[in-house]
Amino acid sequence: MTKYKTQQDNGVKGTGPLADGSEGAGATCSDRRQSLPSLDQDGIEEGSLDLALLREVSLTYARGNMMLPVRREGDTLKAFVCGNQGIFALHELARTMGLKPVAIKVQEGRLLELINHAYGMIGSAAEVMSDIAEGDFDSVARTFQSPRDILELTEDAPIIRLLNALLQQAVKENASDIHIEPYEKELIVRLRIDGMLRKILTPPKIIQEALISRIKIMADLDIAEKRLPQDGRIRLLVGSKDVDVRVSIIPSSFGERAVLRLLDRKRGLIGLDQLGMSEQCQRSLNHMLRSPHGIILVTGPTGSGKTTTLYAALNSIYSDEKNIITIEDPVEYQMKGIGQINVNHKIGLTFAAGLRSILRHDPDIIMVGEIRDLETAEIAIQASLTGHLVFSTLHTNDAASAITRLVDMGVEPFLIASSIVGVLAQRLLRKVCMSCMQKYTPSSVERDYFSTDVTQPKMLSRGVGCDKCNHTGYSGRIGIFEILTIDGEVVSLIDKNVDYTRIKTHAVNTGMTTLRADGLSKAAEGITTLEEVLRVTQKDHADISI
């Protein structure tokens with residue numbers, strides 16, 4: 001492939017236009033035109049972006065020279081530019097391609113937004129890998145002999161191009177995690193989207209070591225250490241999104257595995273009314289949030305949205321008159337007006353140690369990322385008994401199980417009964433894709449899942465699959481909840497140290513909606529499918545009627 005060079009950068013590459021102004025080799029019809037966001041500039045019309053043209057110019061060149069090529073029109077090359085540097089770069093690029101330059105002047109901030117948006121639209125990881133010759137991968141593997149070698153790689157190196165494309169695709173598809181998994185004869189890359197893993201790539205096994213080492217360098221980890229687990233963080237600007245990446249690397253039988261969790265730092269906090277709670281559940285939670293002191297627990301497995309719910313709760317009660325401090329591992333949301341502390345085990349800053357120090361800062365409300373041990377639990381309870389409102393999370397299957405979990409840690413039942421205000425359990429369900437939703441009449445077997453407490457649906461919904469949902473039938477997620485309020489009878493049961501099923505039975509008999517019942521209600525409303533509810537929730541105890 002011929003590469004064009006300018007006086008400023010060799011980031012321009014491709015086969016160039018044909019004599020009649022049509023696309024060069026390698027362009028496809030689907031590449032040629034994508035809508036570009038409207039410009040807030042008088043006299044500038046909305047354009048269309050030529051992705052095949054954009055692939056011929058590197059992101060570094062576009063940013064460094066303040067110039068974004070838009071499209072070829074006949075014998076002209078149109079581009080957004082800023083300043084004399086952008087105009088000069090456009091003239092150089094047009095001269096190299098044998099075209100006449102047409103400049104559209106844009107303010108610097110707006111141009112950078114357009115460049116980020118445009119480059120975020122091109123190239124999945126699979127496309128990038130297919131563009132890289134097999135010999136390039138072999139060359140990287142052969143020369144990768146020491147940490148110094150990979151540090152010397154240029155931005156155009158195959159490993160860097162592949163990892164950048166992988167991160168870009170993950171952000172574009174709203175993936176929460178990237179899994180890089182080595183096996184005996186292959187390397188597999190999977191994305192977790194809406195809670196489900198999907199294989200997207202099988203890179204050559206030969207690049208495994210170089211790919212993991214590149215991730216370690218970005219996360220500031222020790223690339224020479226391959227025997228012990230390592231954790232790190234990367235902060236990236238991917239497209240127009242500021243992304244915080246939590247990196248975890250562990251050794252396995254066939255090499256090191258890596259998981260990268262992606263968090264959008266600019267994602268705004270959502271309100272309690274946006275979580276998917278029923279009116280009854282939201283009323284109960286709001287009542288608990290008005291408590292002057294005590295502990296409010298949110299339970300569920302990893303990735304069930306517990307931190308999102310806690311921050312929505314904090315946001316709903318925040319005021320300038322309250323001193324709110326959190327300790328988390330790590331801080332996932334930036335919230336103005338509250339103090340946020342990151343756990344750091346390397347220097348001894350644990351949940352328990354941080355919580356002790358927080359109590360000396362005269363807080364009104366404290367959020368502890370997770371209660372993991374007896375020491376943290378006891379300090380949290382003491383904080384609640386001395387006039388503080390404490391928020392925290394536990395890993396349990398349902399709300400009532402949180403009581404048993406605390407007892408198992410070693411907390412005395414009478415302390416639990418006197419400090420816990422309520423427990424909220426939650427899960428995340430995939431929502432039916434609105435673009436391919438289809439209504440259907442439920443079978444008699446499906447109807448049997450809906451009890452008298454859940455409205456019998458005349459129709460249910462499912463997604464038939466389309467391009468927007470990657471043919472899964474689902475797009476986005478919504479929460480389901482059950483909330484256990486600690487009333488007088490529950491306090492009595494906790495004091496007696498009874499089995500959690502008796503606590504759950506009492507709660508249901510006094511009006512608590514279980515996770516499965518809440519999920520079935522959302523299936524009846526057409527928000528999700530019955531299959532999704534059954535996949536995520538467990539059957540309620542035999543003596544509990546839902």
Side-chain angles (χ1 to χ4, degrees), residues 59 116 119-120 123-129 150 153 155 157-183 186-205 207-223 225-226 228-252 254-267 301-305 307-308 328-334 342-343 345 369 428 470 477:
L59 173 60
N116 289 334
Y119 280 88
S124 68
E127 290 173 338
V128 170
M129 194 174 76
I150 200 166
L153 293 177
E155 184 186 339
I159 294 299
I160 295 179
R161 288 172 57 196
L162 179 60
L163 184 56
N164 289 349
L166 183 58
L167 289 164
Q168 180 176 294
Q169 181 178 349
V171 170
K172 187 163 77 171
E173 297 190 20
N174 293 317
S176 61
D177 301 87
I178 302 172
H179 290 241
I180 300 174
E181 306 165 350
Y183 297 99
E186 62 181 348
L187 181 65
I188 293 177
V189 178
R190 298 193 290 175
L191 298 184
R192 188 177 293 279
I193 302 171
D194 291 338
M196 303 295 287
L197 283 170
R198 176 166 60 87
K199 184 168 77 171
I200 62 161
L201 204 60
T202 53
K205 175 76 172 175
I207 70 165
Q208 173 183 315
E209 190 175 353
L211 184 60
I212 297 296
S213 292
R214 174 60 187 169
I215 293 171
K216 286 182 179 180
I217 287 170
M218 294 178 71
D220 197 23
L221 300 177
D222 183 359
I223 64 174
E225 179 56 74
K226 304 179 189 300
L228 296 174
Q230 296 189 70
D231 295 313
R233 301 180 73 174
I234 306 169
R235 187 170 176 181
L236 301 171
L237 188 65
V238 182
S240 59
K241 293 185 178 181
D242 185 0
V243 180
D244 193 20
V245 184
R246 290 158 51 185
V247 178
S248 178
I249 296 176
I250 60 173
S252 71
F254 302 110
E256 292 177 291
R257 294 171 64 105
V259 174
L260 288 67
R261 169 154 288 190
L262 281 64
L263 301 168
D264 186 352
R265 295 174 62 92
K266 291 186 178 179
R267 182 176 57 182
T302 301
S304 59
T307 303
T308 300
E328 306 166 66
D329 185 19
V331 172
E332 294 188 15
Y333 293 90
Q334 302 293 332
N342 257 315
V343 164
H345 295 283
L428 292 176
N470 199 38
R477 291 191 288 179

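Every value quoted in this text rests on a predicted model; they were computed, and no experiment measured them. Counting from 1, the numbers follow the sequence of the chain as shown.
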I would like to know whether S304 and R477 meet side-chain contact (heavy atoms from CB on, under 4.5 Å); could you show each step before the answer? CA-CA 10 Å; S304 59; R477 291 191 288 179; over 6 Å; no
If I compare all heavy atoms of A170 with all of L262, which pair ends up nearest, and what's the gap? CB-CD2, 3.8 Å
Are the side chains of N342 and R233 in contact, using a 4.5 Å heavy-atom criterion? yes
Is a side-chain donor-acceptor pair under 3.5 Å present for Q208 with K205? yes
Given the rule in the side-chain contact (heavy atoms from CB on, under 4.5 Å) test, do T308 and Y333 qualify, once you have shown the distances and angles that lead to the verdict? CA-CA 8 Å; T308 300; Y333 293 90; 2.5 Å; yes
Pairwise distance CD1(I193) to CG(N470) - rounded to 0.5 angstrom: 6.5 Å
Apply the test side-chain contact (heavy atoms from CB on, under 4.5 Å) to residues L260 and L166: give CA-CA distance (whole Å), side-chain angles for both, the deciding distance (0.1 Å), then the verdict. CA-CA 11 Å; L260 288 67; L166 183 58; over 6 Å; no
Distance (rounded to the nearest 0.5 Å) between N174 CG and D194 CG: 8.0 Å
Does the side chain of L167 come within less than 4.5 Å of V243's, by heavy atoms? no
Atom pair CD1/CD1 of I188 and I180 - distance to nearest 0.5 Å: 12.0 Å
Is L211 close to L187 at the side-chain level, that is, under 4.5 Å between some pair of heavy atoms? yes
Can you give me the closest heavy-atom contact between L162 and P203, atom names plus distance? CD2-CB, 4.4 Å
With a 3.5 Å cut-off and no angle check, do the side chains of Y183 and S252 form a donor-acceptor pair? no
Does E225 offer a backbone N or O that forms a donor-acceptor pair with the side chain of Q230 under 3.5 Å? yes
Gap separating the CD atom of E332 from the CG atom of L263, nearest 0.5 angstrom: 5.0 Å
pair M218-L163: side-chain heavy atoms closer than 4.5 Å: yes
Can you name the salt bridge (charged side-chain N to carboxylate O under 4.0 Å, His left out) partners of E181, sequence neighbours left out? R190, R257
Tell me the closest heavy-atom pair linking G303 and L428, and the distance in Å. O-CD1, 3.6 Å
Nearest heavy-atom approach of E256 to P182 is O-CG, 3.5 Å
Once rounded to the nearest 0.5 Å, what's the spacing between atom CD1 of I200 and atom CD1 of I178? 7.5 Å
Here the pair of heavy atoms bringing P251 nearest to L228 is CD-C, 4.0 Å
Residue pair I249 / A258: nearest heavy atoms and the distance that separates them: CG1-CB, 4.0 Å
Between L191 and L197, is any pair of side-chain heavy atoms under 4.5 Å apart? no
For the pair R246 and D231, evaluate side-chain contact (heavy atoms from CB on, under 4.5 Å) and give the outcome as yes or no after the intermediate values. CA-CA 8 Å; R246 290 158 51 185; D231 295 313; over 6 Å; no
How long is the straight-line distance from CG of D222 back to CD1 of I217, given to the nearest 0.5 Å? 11.0 Å
Heavy-atom distance under 4.5 Å between the side chains of H345 and D329, does that happen here? yes
